[in-house]
Amino acid sequence: FKYPHLYMETLIYRYTVCILLHIFTTSIMAIGLMRQFDVVKKNKGKFALENITPYIVIAASIHGSYNFLALLLSARPQHF
């Protein structure tokens, strides 16, 4: 690698920030699913995707915002 220090920085970043982002957004989805399954179990009803849509939107918005920020930051000039 031409810049080995950047490789290590990227590796550390991806194994901290990116993993935490995915844990957080997956947890939001899991909460929505658990609540919906609880409703289904208690009421003996059918699973309704529209009940977990807010959780999907929140998780996707957080992840999309992170991706957009990463895109903006990667577009700025790099100084080595």
Side-chain angles (χ1 to χ4, degrees):
F1 292 105
K2 188 173 181 181
Y3 303 103
H5 66 285
L6 292 179
Y7 175 75
M8 281 306 295
E9 288 175 3
T10 302
L11 188 68
I12 291 168
Y13 178 81
R14 290 186 62 84
Y15 279 100
T16 54
V17 174
C18 295
I19 288 176
L20 291 174
L21 171 73
H22 285 97
I23 289 171
F24 182 63
T25 54
T26 302
S27 297
I28 292 170
M29 284 295 303
I31 290 168
L33 285 170
M34 287 187 316
R35 289 184 176 175
Q36 179 57 32
F37 283 131
D38 192 42
V39 168
V40 168
K41 186 177 174 182
K42 286 181 181 175
N43 300 337
K44 306 227 188 274
K46 291 184 178 181
F47 183 85
L49 186 61
E50 59 269 6
N51 292 339
I52 64 165
T53 301
Y55 297 93
I56 296 170
V57 170
I58 291 168
S61 297
I62 291 169
H63 201 294
S65 297
Y66 168 80
N67 288 343
F68 183 67
L69 180 64
L71 177 69
L72 290 178
L73 292 176
S74 70
R76 66 188 169 106
Q78 300 293 323
H79 300 285
F80 299 106

Following the transitive rule for hydrophobic clusters with a side-chain heavy-atom cut-off under 4.5 Å over Ile, Leu, Val, Met, Phe, Trp and Tyr, establish whether [X] and [Y] coincide in one cluster.
X: Val57; Y: Tyr55; answer: no
X: Tyr15; Y: Ile23; answer: yes
X: Ile19; Y: Leu11; answer: yes
X: Phe68; Y: Ile56; answer: no

Validation: residues 39-54 side-chain donor-acceptor distances under 3.5 Å, sequence neighbours left out:
{"unit_1": "Lys42", "atom_1": "NZ", "unit_2": "Asp38", "atom_2": "OD2", "d": "3.3"}
{"unit_1": "Asn51", "atom_1": "ND2", "unit_2": "Gln36", "atom_2": "OE1", "d": "2.9"}
{"unit_1": "Thr53", "atom_1": "OG1", "unit_2": "Leu49", "atom_2": "O", "d": "3.1"}

> For the atom pair OG (Ser27) and CE (Met34), what is the distance rounded to the nearest 0.5 Å?
Replying inline: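 CE of Met34 is found 8.5 Å from OG of Ser27.
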>> Just verifying a value: how many Å separate Thr26 OG1 and Ile31 CD1, rounded to the nearest 0.5 Å?
In response: 11.0 Å
> Quick one: does Leu21's side chain get under 4.5 Å of Ile62's, heavy atoms only?
Replying inline: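 A side-chain contact under 4.5 Å exists here.
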